Amino acid sequence: MSKQRRQNGFWNSLHIKRGTSGTSNELSFSVLDKRKEQDVPPESSINVEKIGGVYLQTNGRSIGLRKAKERGKKEAGVKKPHLSLPAGITPTGQNTGTTPVLGSSEGSGVESSRESRKQKKRRERALADPEAEISRRKRNRTVRRVLFGAVVSLVLAGVGFYSVQYVMNQYQTQLDGMSLLQRGLDELTTADDLVLPMDGVVTGSVDETTVETITQVEEGISGAQVHISAAETFAQDAAETLTTDEERAVADKLSESAQARRDMMEQAQIIMESEKMAISAIASMQECWTLLIQADQLIKDAAALVQNTTVENVQASQEKTQEALDLLYQAQILLAQAQEAYPNANLSMYGPYIEVRIESCQYAIASDEAIYLQDKATAEYNNDMFNQCEAQAAELASSLPAEPAAPILTAFDEDTQQARDSYLDARIRASQSDAYIRDYLGQSEQ
């Protein structure tokens, strides 16, 4: 019984639950009321005994000092845990209003002193009005929770706002980049209004193309280059705006496609300049060839007329021969024009042929005049020379090209081969880049 009373007196002097001050485990009303109603014995009735290095209050009852001292000697040298005495009770039994901790140094500093004063005020309020103190502490905890929740909500809201703003900015950036790519492709499509006719001129047959068509294409090149430059600008802006490597690769393809069209135009201008010369030369050569055919037919008709040497036939034969001679002179002029129009064309085989036919016509006319004079020897000589010239002309004609424009086309192909290869290479690059861009933009729109 004595031991139980000592323990009750000891624990009644301590806080009911350690570390619960100001928490949800605050003292209940009944405990505070009971604590308040307890009779505290007068100071003179409180005895403090030191047992094993620890002060215990005995409330004036003896606990067997001799036995306690003996136990204290046995336990001497064994380290005891620090024990907090109740507030207001010192090891000598004096009420100081503070709660010293055994084993700690005296005067723990300004912070410990302030904390002790706060604890003292909090305890005094609790003893004076337990219900009000508990309400106050609960209200403070509620306010702290609300404020903490509000701060957390604001922080989360701020983080969420900036996250959403970042995502929206990234999405808008992507849309802007895609828009730049599409606008660049539209510029190339507009430039193709000229590029396509130009391609038809370059890849088509020269003798089927007119100088007027080439002139129209050349006049439109400057306008097409404006759209190509715009496409290159959009490609550069897109490359600076887009964020992923795949998107920047599309922007690079747009630049490549624009540059490919620019290369096509550069090579096309070289080709078309040669093409205009070839067209002019071909036109002259075809007209020359037409006159040669007509002259050949007239010469054959004139030779047939003199088979029956009447005055009328000889006169008609002479007229046809003179007409053929005039055509041969015109053909000779056209041949010179064709050679001048395209100097690299080899038209040398036509010159000797025309000259031989002119010579044969001259012999035919001389023979006809000798017939008028009834100079049989002269007539026969000139007629023999005519036949020799015709035989020589037939031999030269066998070596002439089937198409009069063939030498010009051959020279044109040789002169423009390098430019044509470069043009076709640029054409392939433009086609591949266009397909890559259209495929990507098509996928991005799905």
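This is a predicted model, so every value here is computed, not measured.
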Steps toward side chain to side chain contact (heavy atoms under 4.5 Å, CB included) verdict (Q322, L325): CA-CA 5 Å; Q322 185 61 50; L325 184 60; 4.0 Å; yes
Chi angles and distances behind the side chain to side chain contact (heavy atoms under 4.5 Å, CB included) call for L181, I437: CA-CA 8 Å; L181 292 177; I437 298 168; 5.5 Å; no
Stepwise side chain to side chain donor-acceptor pair (under 3.5 Å) check, R427 with Y423: CA-CA 6 Å; R427 188 170 181 255; Y423 176 88; 4.8 Å; no
Side chain to side chain donor-acceptor pair (under 3.5 Å) between Q259 and D263, intermediate numbers included: CA-CA 6 Å; Q259 184 59 47; D263 294 341; 3.0 Å; yes
Intermediate values then yes/no, side chain to side chain donor-acceptor pair (under 3.5 Å), D384 and Q388: CA-CA 6 Å; D384 291 340; Q388 290 181 9; over 6 Å; no
Trace of the side chain to side chain contact (heavy atoms under 4.5 Å, CB included) decision for E256 with Y436: CA-CA 11 Å; E256 291 177 7; Y436 187 94; over 6 Å; no
Side chain to side chain donor-acceptor pair (under 3.5 Å) assessment of Q417 paired with D413: CA-CA 6 Å; Q417 185 62 50; D413 290 340; over 6 Å; no
Residues D192, V195; criterion side chain to side chain contact (heavy atoms under 4.5 Å, CB included); working and verdict: CA-CA 4 Å; D192 285 346; V195 173; 3.7 Å; yes
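For residues 373-383, every residue pair satisfying the side chain to side chain donor-acceptor pair (under 3.5 Å) rule, not counting sequence neighbours, is listed here: D375-T378. Annotation: side chain to side chain donor-acceptor pair (under 3.5 Å) contacts involving residues 280-294, sequence neighbours excluded, are absent.
Looking at S367, its side chain never comes within 3.5 Å of a backbone N or O of A364 through a donor-acceptor pair. Of the possible donor and acceptor atoms, none in the side chain of T416 sits under 3.5 Å from a partner among the backbone N and O of A419. A donor-acceptor contact shorter than 3.5 Å is absent between the side chain of S257 and the backbone of K253. Of the possible polar contacts, none joining the N344 side chain to the A411 backbone as a donor-acceptor pair under 3.5 Å is found. Judged by distance alone, with hydrogens and angles left aside, the side-chain atoms of Y372 form a donor-acceptor pair with the main-chain N or O of Q315 at under 3.5 Å. Of the possible polar contacts, one joining the T189 side chain to the L185 backbone as a donor-acceptor pair under 3.5 Å is found. Of the possible polar contacts, one joining the Q339 side chain to the A345 backbone as a donor-acceptor pair under 3.5 Å is found. Judged by distance alone, the side chain of S433 and the main-chain N or O of A430 form no donor-acceptor pair under 3.5 Å.
In this structure R183 satisfies the salt bridge (Lys or Arg N to Asp or Glu O under 4.0 Å) test with no other residue, sequence neighbours excluded.
Closest non-hydrogen pair, I271 versus F412, comes out as O-CE1, 3.8 Å. Of all the heavy atoms in S399 and L396, the pair that sits closest is OG-O, 2.7 Å. Closest non-hydrogen pair, Y353 versus A397, comes out as CE1-CB, 3.6 Å. Residues P407 and P401 share a closest heavy-atom pair of CG-CG, 4.0 Å. The two atoms that bring N308 and N313 nearest to each other are O-ND2, 2.9 Å, heavy atoms only. What you find for T203 and D199 is that their closest heavy atoms are OG1-O, 2.6 Å.
Contact check for Q297 versus I293: no side-chain heavy atoms found under the 4.5 Å cut-off. Side-chain contact between I228 and M265: present, with at least one pair of heavy atoms (C-beta onward) separated by less than 4.5 Å. Contact check for T321 versus L298: no side-chain heavy atoms found under the 4.5 Å cut-off. No side-chain heavy atom of R357 sits less than 4.5 Å from a side-chain heavy atom of L327. At a threshold of 4.5 Å between non-hydrogen side-chain atoms, the residues V202 and R420 count as touching. With a 4.5 Å cut-off on side-chain heavy atoms, Q269 and E218 do not count as touching. Side-chain contact between I279 and I214 is present, with at least one heavy-atom pair separated by less than 4.5 Å. Side-chain contact check for I282 versus L409: some heavy-atom pair is nearer than 4.5 Å.
T410 contributes atom OG1, which lies 11.5 Å from atom CD of E403 (distance to the nearest 0.5 angstrom). To the nearest 0.5 Å, atom CD of residue E219 and atom CG of residue L194 are 10.5 Å apart. With rounding to the nearest 0.5 angstrom, the CD atom of E247 is 10.5 Å from the OG1 atom of T241. The CG atom of D301 sits 9.5 Å away from atom CD of E323, with the distance rounded to the nearest 0.5 Å. Note: D237 CG to E232 CD = 12.0 Å, rounded to the nearest 0.5 Å. From D434, atom CG reaches atom CG of D439 across 12.0 Å, with rounding to the nearest 0.5 Å.
Between D368 and K320 no salt bridge is recorded (no basic side-chain N to carboxylate O distance below 4.0 Å). Using a 4.0 Å cut-off between a side-chain N of Lys or Arg and a carboxylate O of Asp or Glu, D296 and K300 qualify as a salt bridge.
No donor-acceptor contact under 3.5 angstrom links the side chains of Q330 and D326, judged on distance only.
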